Amino acid sequence: MNRTEELRRLDRALAGNSAEPLVVAVCVIAGTAGVGKTSLALHWAHQVSGQFPDGQLYANLRGYDPGPRATAEQVLDRFLRALGVPAGEIPPELDDRAALYRSLLAGRQVLIILDNAATAGQVRPLLPGTAGCLVVVTSRNHLSGLVFREGAHRVTLGVLAEDEAVALLRGITAEYRPAVSEAELTELAGLCARLPLALRIAAERAARRPRMAMHELIEDLRDESGLWDALSTDDEDEADAVRSVFAWSYRALPEDAAALFRLLGVHPAPEFSVSSAAALAAMTFSQARQRLEVLADAHLVEQIAHDRYQVHDLLRSYATEQARQEETAEARAEALRRALDWYLFTADRVRALLSPHEPQMPLGQVPDIDLPVLANADDALRWYEAERSNLVAATSAAAEAGLHRIAWQLPATLRGVYMNFNPFGDWLSTGHVGLASARAAGEKAGEVELLDSLAMAYTQSQRPDEAEEYHVATLSLRRELGDSLGEAIALNGLGLLHLRRWKLADARLTFSDALALLTQPKNAYWRALVLGNLAEVCLELTEYGAASDLLGAALEILRRERDYAGEGNAHYLTSRLEREQGRTDRAAENIDRALGLARDHGNEAAEAHWLLEYCRVQRASGKLGDALVPCQRAATIQQRLGDRGREAQALDEAGKTYQELGQPEEAVNFHRRAVSLNRQTGHRWRIAVSLFHLTNALIGAGADSRTCEQHAREAFGSLAEFGDPRSVALRNRLQRLM
């Protein structure tokens with residue numbers, strides 16, 4: 001398939017001079033279903049890859065798939081990972097993801113392929129906005145909005161020329177049918193409407209039936225009536241050709257392969273593993289692999305990786321239609337349940353390996369299906385990464401089918417995975433679907449698990465108002481159900497939210513209530529976490545003796561439980577405790593231990609937070625030059641994470657360091673940015689702290705006294721609601737500046 005003219009037109013999109021390497025930043029390849037848009041885009045991308053030395057990004061937007069379309073949040077998550085952003089540092093909000101994506105692509109030359117877009121709106125959040133990148137979009141629609149608003153260059157792809165269609169057929173069949181005539185190939189091409197997808201399927205069938213005369217195959221295809229009404233194209237002749245070729249090839253399959261093919265229309269997603277296909281069709285792994293190879297040979301599925309396949313959206317719709325016609329409603333429901341059970345029980349194995357301290361959901365008896373072998377955490381993480389989008393699709397499919405227990409159990413089981421990697425889009429979408437299903441089924445146990453999961457997701461994605469709503473609802477329902485451990489965990493979550501909002505009295509009371517429920521030895525892990533959190537409250541209240549006792553008790557348990565994150569946080573808090581009491585050597589030892597644990601386990605989010613204490617220790621030790629680098633690294637990581645509050649803290653620490661270095665003008669810039677970020681979060685206590693530092697820097701830089709006093713008064717007013725010792729001390733210092 002040459003597509004010479006279309007390739008030339010794509011090449012012209014790259015023409016330009018050295019000052020402006022790209023004439024356009026977006027190119028749309030439009031054409032009817034099955035015309036070869038994806039093949040052309042990938043073929044051309046391979047040809048021009050040398051002009052994009054910084055790499056290529058590909059996403060299937062699934063604009064025409066029978067299931068849900070890919071969202072911009074999902075695609076940006078994948079692209080950011082491909083660009084080197086750790087999973088835990090991907091911002092939760094779409095705008096923040098898009099901004100980070102564009103900043104990472106600035107100055108780079110990357111080719112981005114957005115396949116199967118339904119609308120311009122699907123594409124716009126994924127445009128890089130930099131001249132060195134080119135976006136190639138494939139669509140059945142003309143996407144005129146991209147042409148008019150973004151200046152996209154459009155290439156409309158028609159059916160193959162007759163000679164190209166014949167050449168494609170001859171290339172596949174020549175080895176098996178060397179004597180086939182030009183006239184027969186021309187007739188076959190016409191029956192396929194010269195559409196590449198139909199041509200490949202027809203050619204494969206002709207190649208696999210060498211003993212059947214070519215004219216008989218052609219007659220068979222001509223007589224094949226259209227069995228599929230779901231396809232809609234602008235040209236009914238093309239639609240009829242695709243329907244006929246699909247039916248023609250499907251009816252030639254062995255029955256066992258045909259049965260698997262039509263059940264793939266029941267699978268919740270177009271991409272799947274051999275293992276999930278085996279569960280779907282109630283067969284062994286080896287049987288599924290063998291039958292998928294038959295389907296791949298017939299071009300009815302495509303192998304995309306070892307033990308992994310996908311179905312073209314047209315073929316998936318056809319498979320769904322055949323399943324409705326040839327399988328009973330009960331058989332389809334049983335197949336879907338087997339596939340969903342495969343996801344649910346494998347996800348539980350993943351949870352056990354990646355988050356072993358997270359309580360296990362009572363899922364019932366393991367079904368009689370083969371589940372994948374996951375030997376260790378690396379295996380579990382690979383499975384999760386491969387199946388991420390399918391887990392979202394499976395949750396929705398379960399809810400739509402009325403399988404509400406699976407619809408809430410799956411996201412509840414995944415909570416332990418989600419809390420470690422922060423895929424906020426997946427977490428929130430599956431959580432809300434699961435919550436609705438639990439309520440629809442009247443299952444209080446499921447409802448409370450999903451309330452708790454959503455509370456955690458909103459807390460970690462910095463949406464405190466929603467987080468508090470779900471934490472309070474979780475706590476109320478835990479108490480109603482008499483679940484003391486669940487109540488303690490809910491109290492811990494609510495206490496963390498109070499602590500982050502600087503409601504220290506509320507946080508202390510909440511953590512203390514949680515500890516009172518965690519007296520049994522089997523709850524030692526959760527007791528240690530709450531002890532550490534209560535220690536932090538005491539530290540903020542400058543109750544150093546109580547904080548020291550609590551941290552000692554927490555560390556003893558956490559070391560025994562081998563929880564690196566909790567242990568690292570305890571060392572971080574101990575460093576703060578020692579430094580504030582003037583013991584900088586001990587502080588340095590503890591913060592080094594904390595950072596070592598974070599780096600050993602690749603936890604950049606924890607490292608960024610703990611680096612600020614390292615900066616303070618360096619300043620306290622008189623090593624001012626060494627204190628700037630950790631602040632800058634922390635600010636960079638927090639910016640990638642989208643954590644504006646902690647980014648502001650990093651900027652404030654950098655500003656304080658510049659002040660001590662005798663460079664107040666530099667300090668002013670950092671503190672101004674910190675104030676701006678804190679205003680965005682609405683955190684009044686942090687706003688006051690940043691304004692105080694800004695006021696000191698402005699005084700040092702010789703700024704107008706009136707401006708300094710205005711900042712001091714605003715900071716003083718922001719502290720009116722806080723009565724803790726640090727706030728009182730800060731108010732006293734601000735009064736002297738007013």
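The chain is numbered in sequence order, starting from 1. Predicted model, so just to flag it, every value in this text is computed and none were measured.
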Peer 1: Only counting residues at least two apart or in another chain, list the ones meeting salt bridge (charged side-chain N to carboxylate O under 4.0 Å, His left out) with R684.
Peer 2: E721
Peer 1: Within the distance-only criterion (no hydrogens, no angle test), does the side chain of R672 pair as donor or acceptor with the backbone N or O of L694 below 3.5 angstrom?
Peer 2: no
Peer 1: Taking ring-ring contact (aromatic ring centres under 6.0 Å, His included) as the test, write out the residues that go with F670, two or more places apart.
Peer 2: Y658
Peer 1: Checking A648 now: which residues fulfil side chain to side chain contact (heavy atoms under 4.5 Å, CB included) with it, not counting sequence neighbours?
Peer 2: A674, L677, N678
Peer 1: Are W427 and L454 close enough that some pair of their side-chain heavy atoms sits under 4.5 Å apart?
Peer 2: no
Peer 1: With sequence neighbours excluded, tell me which residues meet side chain to side chain contact (heavy atoms under 4.5 Å, CB included) with A554.
Peer 2: L531, L558
Peer 1: List in chain and number order the residues that pass salt bridge (charged side-chain N to carboxylate O under 4.0 Å, His left out) with E660, two or more places apart in sequence or in another chain; answer none if no residue qualifies.
Peer 2: R619
Peer 1: Using the salt bridge (charged side-chain N to carboxylate O under 4.0 Å, His left out) criterion, which residues pair with R679? Sequence neighbours excluded.
Peer 2: E714
Peer 1: Taking the inter-plane angle between the rings of Y470 and H432 on a 0 to 90° scale, is it parallel (under 30°), tilted (30 to 60°) or perpendicular (over 60°)?
Peer 2: perpendicular
Peer 1: Do R97 and D77 have side chains that approach each other closer than 4.5 Å (heavy atoms only, starting at C-beta)?
Peer 2: yes
Peer 1: Using salt bridge (charged side-chain N to carboxylate O under 4.0 Å, His left out) as the criterion, list what pairs up with E589, not counting sequence neighbours.
Peer 2: none
Peer 1: Return each pair, listed once, that meets ring-ring contact (aromatic ring centres under 6.0 Å, His included) where at least one residue sits in residues 538-566; pairs must be two or more places apart or across chains.
Peer 2: Y564-H601
Peer 1: Quick one, R78 and L83 - any side-chain contact, counting heavy atoms below 4.5 Å?
Peer 2: no
Peer 1: Not counting sequence neighbours, list each pair that qualifies as a ring-ring contact (aromatic ring centres under 6.0 Å, His included) and has a residue in residues 503-541.
Peer 2: H357-Y525
Peer 1: Quick one: does L612's side chain get under 4.5 Å of Y572's, heavy atoms only?
Peer 2: no
Peer 1: Enumerate the residue pairs fulfilling side-chain hydrogen bond (donor to acceptor under 3.5 Å, both in side chains) with a member in residues 484-504, sequence neighbours excluded, ordered by first and then second residue.
Peer 2: D465-R501, E468-R501, R479-E487, N492-N533, R500-D643, W502-D724
Peer 1: Is any side-chain heavy atom of R478 closer than 4.5 Å to one of D452?
Peer 2: yes
Peer 1: Examine F692 together with H711 and report whether their ring centres are nearer than 6.0 Å.
Peer 2: no
Peer 1: Looking at residues at least two apart in the chain, or sitting in another chain, which of them share a side chain to side chain contact (heavy atoms under 4.5 Å, CB included) with V689?
Peer 2: W685, H693, L730
Peer 1: Taking side chain to side chain contact (heavy atoms under 4.5 Å, CB included) as the test, write out the residues that go with D592, two or more places apart.
Peer 2: Y614
